[in-house]
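Atoms within each ligand, like the ligands themselves, are counted from 1 in listed order. Position 1 is the first residue of the sequence, and the numbers go up from there.
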Amino acid sequence: MTTAATVALVTGANKGIGYEIAARLGALGWRVGVGARDAGRREEAVEKLRAGGADAFGVALDVTDQASVDAAAAGLDQLDVLVNNAGIIGGTPQVPSTVDLAVVQAAVDTNVYGVIRVTNAMLPLLRRSPRPRIVNMSSSVGSFAEQTDPQGPLSGMPASVAYAPSKAFLNAVTVQYAKELRDTAILVNAGCPGYCATDLNHHSGFRTPEQGAAIAVHLATLPDDGPSGGFFDDEGPVRW
Ligand SMILES: NC(=O)c1ccc[n+]([C@@H]2O[C@H](COP(=O)([O-])OP(=O)(O)OC[C@H]3O[C@@H](n4cnc5c(N)ncnc54)[C@H](OP(=O)(O)O)[C@@H]3O)[C@@H](O)[C@H]2O)c1
């Protein structure tokens, strides 16, 4: 008996951690949709993934644009795993007392509303899958416990009222999807890739994008009795 390949969609897969997630899922023999908003960057990534042996295809997708998200969903006839990876730091400065509200809105639009837009458009497809998984790429900067721990590494970071709270919002959203979907086969979790050198942070991270992809692959391949509504990194659960 032949089984249809698992199909995954990774948003923001043209570069950085998302590209590496697509490469790792492709290496599992899965068909991988490369969600990306720029046609040139998307096709370049698809070609590179194919050259590496992956069954990759491009999906035009701007997570801030409902029409683009709807068209992406309409173009798919199977989806088993959704990795909501697209994200932005957003404009600066993000100092709470002086921030331009447009900076906060832009971060939330991509990092939170984008996830809701894409997830809701893809849910009808995911509900038809025998092993549906949703992975939301979050960050430990969205953890209240980490942000308020005076001994922790985040205590020394400058205060940010856009990017960090957008990831806290995303964590809360993840929990609520898991709650709604708890009687289905869909497992929904948030993952933190660690501090990885990508364009997002001007390559200041000390981990590689390949290392950052590992938690997403882990959560994308959870067994049927795996967790849902959790927040994890390579070491295990992350404090909320
Ligand atoms: N790097 C880290 O240390 C780190 C740590 C914790 C969490 N994360 C999270 O991991 C995820 C990936 O980050 P990264 O470091 O790989 O960043 P990156 O290299 O800057 O890549 C971000 C990706 O998101 C895409 N994107 C941004 N806005 C989009 C939109 N409106 N529609 C579609 N795609 C969009 C980008 O596409 P374009 O090329 O078109 O801009 C790019 O493909 C993000 O959610 C980030 O918050 C990263």
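- Of all the heavy atoms of I88, the ones lying under 4.0 Å from any atom of ligand 1 belong exclusively to the side chain.
- Contact annotation: for Y19 versus ligand 1, there are no heavy atoms closer than 4.0 Å.
- Closest protein heavy atom to atom 41 (O) of ligand 1: R37 NH2, 2.7 Å.
- In the candidate list L170, V10, I17, I17 is nearest to atom 16 (O) of ligand 1, counting heavy atoms.
- For atom 14 (P) of ligand 1, the closest non-hydrogen atom of the protein is T198 OG1, 3.6 Å.
- Side-chain contact annotation: N136 with T174, donor-acceptor N/O pair under 3.5 Å present.
- Follow the hydrophobic side-chain contacts under 4.5 Å out from L82 and you never reach L49; the two are in separate clusters.
- No side-chain donor-acceptor contact under 3.5 Å links S228 to the backbone of L187.
- For the pair E44 and R41, the salt-bridge criterion is not met [side-chain N within less than 4.0 Å of a carboxylate O].
- The distance from ligand 1 to the heavy atoms of R41 drops below 4.0 Å at these ligand atoms: 38 (P), 39 (O), 40 (O).
- Scanning all protein heavy atoms for the shortest distance to atom 7 (C) of ligand 1 gives S138 O, 3.0 Å.
- Nearest to atom 5 (C) of ligand 1 by heavy-atom distance, out of S139, C196, G194, is G194.
- With ligand atoms numbered from 1 in the order given, ligand 1 contributes 45 (O) to contacts under 4.0 Å with heavy atoms of M137.
- Salt-bridge check for D80 with R131: failed, with every basic side-chain N at 4.0 Å or more from each acidic carboxylate O.
- Linking Ile, Leu, Val, Met, Phe, Trp and Tyr whenever their side-chain heavy atoms come within less than 4.5 Å leaves I89 and V115 in two separate clusters.
- Protein heavy atom at the shortest distance from atom 20 (O) of ligand 1 is L200 N, 3.4 Å.
- Exactly one residue among D70, D65, D109 makes a salt bridge (Lys or Arg N to Asp or Glu O under 4.0 Å) with R117. That residue is D109.
- At a threshold of 4.5 Å between side-chain heavy atoms, the hydrophobic network of Ile, Leu, Val, Met, Phe, Trp and Tyr places Y163 and V112 in two separate groups.
- Closest protein heavy atom to atom 39 (O) of ligand 1: N14 ND2, 2.8 Å.
- Side-chain contact check for N84 and T119: at least one donor-acceptor pair (N or O, by modelled atom type) lies under 3.5 Å.
- A salt bridge does not link K15 to D38: none of the charged side-chain nitrogens sits closer than 4.0 Å to a carboxylate oxygen.
- Looking at ligand 1, you won't find any N or O of Y195 less than 3.5 Å from one of its N or O atoms.
- Atoms of ligand 1 found under 4.0 Å from any heavy atom of G16 (numbered from 1 in listed order, with element): 16 (O), 19 (O).
- Distances from atom 12 (C) of ligand 1 to the heavy atoms of V141, D199, N85, N136 put N85 nearest.
- Shown in contact with N201 at under 4.0 Å from a heavy atom are these atoms of ligand 1, numbered in order with element: 1 (N), 2 (C), 3 (O).
- With hydrogens and angles left out, the side-chain atoms of Y195 and S204 include a donor and acceptor closer than 3.5 Å.
- If you look at A197 next to ligand 1, there are no close heavy atoms at all, none under 4.0 Å.
- Side-chain contact of D62 with S68: a donor-acceptor pair under 3.5 Å is absent, judged by distance alone.
- Aromatic pair F144/W240: ring centres not closer than 6.0 Å.
- The protein atom (non-hydrogen) at minimum distance from atom 31 (N) of ligand 1 is D62 OD1, 2.9 Å.
- At under 3.5 Å, a nitrogen or oxygen of V63, whether backbone or side chain, sits near a nitrogen or oxygen of ligand 1.
- Of the options A86, G18, G191, the smallest heavy-atom separation from atom 26 (N) of ligand 1 is shown by A86.
- In this comparison of D65, V69, L61, the heavy atom closest to atom 33 (C) of ligand 1 sits on L61.
- Ligand 1 lies within reach of K167, whose nearest heavy atom is under 4.0 Å from it.
- In the hydrophobic clustering of this structure, Y19 does not group with V7; members are Ile, Leu, Val, Met, Phe, Trp, Tyr whose side-chain heavy atoms approach within less than 4.5 Å, directly or through other members.
- Residue P193 approaches ligand 1 through these ligand atoms, each under 4.0 Å from one of its heavy atoms: 4 (C), 5 (C), 6 (C), 7 (C), 8 (N), 48 (C).
- Among all non-hydrogen protein atoms, the one lying nearest atom 23 (C) of ligand 1 is G12 O, 3.7 Å.
- In terms of protein heavy-atom proximity, atom 46 (C) of ligand 1 is closest to Y163 OH, 3.6 Å.
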